[in-house]
Amino acid sequence: MRGRNIVVVGAGPVGTVAALACARLGHRVTLLEAQDRIDDSPRASTTQPPTLEIIAELGLIDEYIRQGLVAKTFQFWDRPTRRLIAEFDFGRLQGETEYPYVVQTEQHKLANMCIERLRGVADVRMGVAVSGIEQDASVVMVKTSNGQFTADYVIGCDGGRSTVRKDLGIEFEGYTWPERFLVITTKFDFAGALGCCARNYMAGPEEWTNLFKVAGDDLKGRWRAVYNTREDESDEEALSDAAVRARLSRVYVPEKDRDYLHLNLYKVHQRVAKQFRKGRVFLCGDAAHVNNPIGGLGLNSGIHEAWDLARLLTEEKDLDRYERIRRPLNIEYVQEQTVANKKRLEERDPARREARFDEMRRMADDPVRHKAFLMRASLLESARDAIRN
Ligand SMILES: Cc1cc2nc3c(=O)[nH]c(=O)nc-3n(C[C@H](O)[C@H](O)[C@H](O)COP(=O)(O)OP(=O)(O)OC[C@H]3O[C@@H](n4cnc5c(N)ncnc54)[C@H](O)[C@@H]3O)c2cc1C
């Protein structure tokens with residue numbers, strides 16, 4: 001095999017996985033990151049079984065699990081009545097994967113682990129922002145704040161606002177939700193107080209809440225409570241101390257425990273790039289698609305893309321396969337499921353809410369449907385489809 005010159009743009013979790021996968025396959029890799037350090041703001045943490053398989057292939061699984069939390073189940077609740085509706089158990093995926101569970105490890109930890117492994121095997125340049133791309137049939141020119149790089153192939157992993165995607169003139173089709181999502185990070189022990197597990201979806205007709213436990217950098221454990229804002233709520237109001245404490249009170253946090261560590265308010269989109277490839281340049285991760293985070297799917301699918309693309313660039317045949325396979329998989333498994341997950345949480349009609357709850361209970365109680373639901377929700381079905389096609 002002949003190693004190629006590959007420039008990866010963006011050292012988020014997807015770019016660092018793409019860089020490490022390419023370097024391990026014998027390519028000469030340059031990783032360009034605009035910031036001076038890895039972004040460690042609280043973002044994704046849910047790592048699904050097929051992603052754990054990739055992390056294991058990269059030789060990182062033991063450290064990844066050590067730096068995170070293993071979650072075997074997730075629960076669906078009705079928040080206003082504090083009722084547990086259904087529990088789903090990844091143990092049902094035994095035999096389908098070596099990792100029949102989810103690992104909650106914050107995304108910056110994965111990026112940092114990959115950067116560590118890239119030392120000596122790739123050229124990692126922090127503080128170098130890509131400003132434009134030019135290409136002809138045989139080479140790509142990457143223009144940056146620090147000179148120009150040439151490559152056989154470029155992988156654009158530069159996030160939702162991707163300069164690479166914009167510079168290629170690729171449309172980002174889809175829409176932006178009117179409400180924003182607020183993440184409150186707290187040390188309050190929801191599992192102890194509510195009897196919930198480490199991953200919980202709490203439906204509510206006016207406001208829903210998702211509760212996740214993560215390890216934190218100190219590995220002492222903390223919780224992220226994710227809420228929708230009202231459509232007419234300003235950012236200032238949502239971030240105000242009074243509104244944050246009121247939101248915590250609505251998930252049954254006693255007044256004395258309503259201090260919090262961090263707030264994160266962000267816009268949520270459902271968008272897919274019209275093309276995942278233009279000539280010698282490919283888009284991966286949020287540069288190619290963005291979605292609401294309910295169900296923890298977007299970053300996982302980005303990592304699957306990075307992994308598949310690294311192998312495809314090594315075979316160097318039928319490069320169209322990347323877009324032909326990965327784009328429909330994102331639409332079918334990630335966009336459709338995250339929209340359905342959001343609707344399930346926010347249903348307002350009382351009769352339809354109860355009907356949805358009954359449906360969740362029936363699904364959890366039926367072993368065949370329980371497993372089928374998890375195969376989709378974990379992206380295992382999507383990962384196996386990618387191989388079959
Ligand atoms: C505020 C926020 C909160 C989120 N919360 C959640 C959550 O709770 N749960 C969940 O599942 N998902 C969440 N997501 C989504 C999740 O974080 C993304 O799916 C994930 O970060 C995608 O990884 P990525 O590597 O594709 O892109 P990113 O993580 O965005 O990384 C892109 C990298 O490219 C760099 N870059 C950008 N432009 C350039 C350039 N011109 N040149 C060089 N480098 C460049 C950036 O600095 C960055 O390091 C959140 C996203 C955001 C924005």
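In listed order, ligands and their atoms are each counted from 1. One-based numbering along the sequence shown.
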(request) Note the single closest protein heavy atom to atom 42 (N) of ligand 1, along with its residue, its atom name and the distance in Å. (result) Val130 N, 2.9 Å

(request) Go through the steps to decide whether Gln48 and Tyr101 satisfy the test side chain to side chain donor-acceptor pair (under 3.5 Å), and finish with yes or no. (result) CA-CA 7 Å; Gln48 305 282 0; Tyr101 46 79; over 6 Å; no

(request) Between Arg161 and ligand 1, find which residue part has any heavy-atom pair under 4.0 Å and reply side chain, backbone, both or neither. (result) neither

(request) Examine ligand 1 and decide if any of its atoms is less than 4.0 Å from a heavy atom belonging to Leu32. (result) yes

(message) Checking a contact table here: which protein heavy atom is nearest atom 49 (O) of ligand 1, and how many Å away?
(response) Glu33 OE1, 2.6 Å

(request) Look at the aromatic rings of Tyr322 and Phe276 and report parallel, tilted or perpendicular, splitting at 30° and 60°. (result) tilted

(request) Would you kindly check if the NZ (Lys) or CZ (Arg) of Arg280 is within the cone defined by 45 degrees around the ring axis of Tyr153 and under 6.0 Å from the six-membered ring centre? (result) yes

(request) Run through Met360, Lys371, Gln75 and flag the one making a side-chain contact (heavy atoms from CB on, under 4.5 Å) with Phe88. (result) Met360

(message) Among all protein heavy atoms in this structure, tell me which lies nearest to atom 38 (N) of ligand 1, with the distance rounded to 0.1 Å.
(response) Asp158 CB, 3.6 Å

(message) Counting only heavy atoms, tell me which of Pro13, Gly285, Ala34 gets closest to atom 45 (C) of ligand 1.
(response) Ala34

(message) Can you tell me which residue among Arg271, Lys274, Arg165 is in a salt bridge (Lys or Arg N to Asp or Glu O under 4.0 Å) with Glu173?
(response) Lys274

(request) Identify which one of Val17, Ile54, Ile65, Ile55 satisfies the side-chain contact (heavy atoms from CB on, under 4.5 Å) criterion when paired with Leu60. (result) Ile55

(request) State whether Trp177 and Lys267 meet the cation-pi test: NZ (Lys) or CZ (Arg) under 6.0 Å from the six-membered ring centroid, and within 45° of the perpendicular axis. (result) no

(message) Heavy-atom distances under 4.0 Å decide this one: backbone, side chain, both or neither, for Val128 against ligand 1?
(response) backbone

(request) Measure the distance from atom 52 (C) of ligand 1 to every protein heavy atom, then report the residue, atom name and distance (to 0.1 Å) of the closest one. (result) Arg43 NE, 3.3 Å

(request) Say whether Thr73 and Asp89, considering side chains only, have a donor N or O and an acceptor N or O under 3.5 Å apart. (result) no

(message) Looking at ligand 1, would Gly302 count as a contact under a 4.0 Å heavy-atom criterion?
(response) no

(message) How far is atom 13 (C) of ligand 1 from the closest protein heavy atom, and which atom is that?
(response) Ala44 N, 3.8 Å

(request) Tell me which protein heavy atom sits closest to atom 27 (O) of ligand 1, plus the residue, atom name and distance to 0.1 Å. (result) Gly159 CA, 3.7 Å

(request) Please state which part of Ser45 comes within less than 4.0 Å of ligand 1, counting heavy atoms only: side chain, backbone, both or neither. (result) neither

(request) Mark the output for Thr46 as yes if a heavy-atom distance to ligand 1 is under 4.0 Å, and as no if none is. (result) no

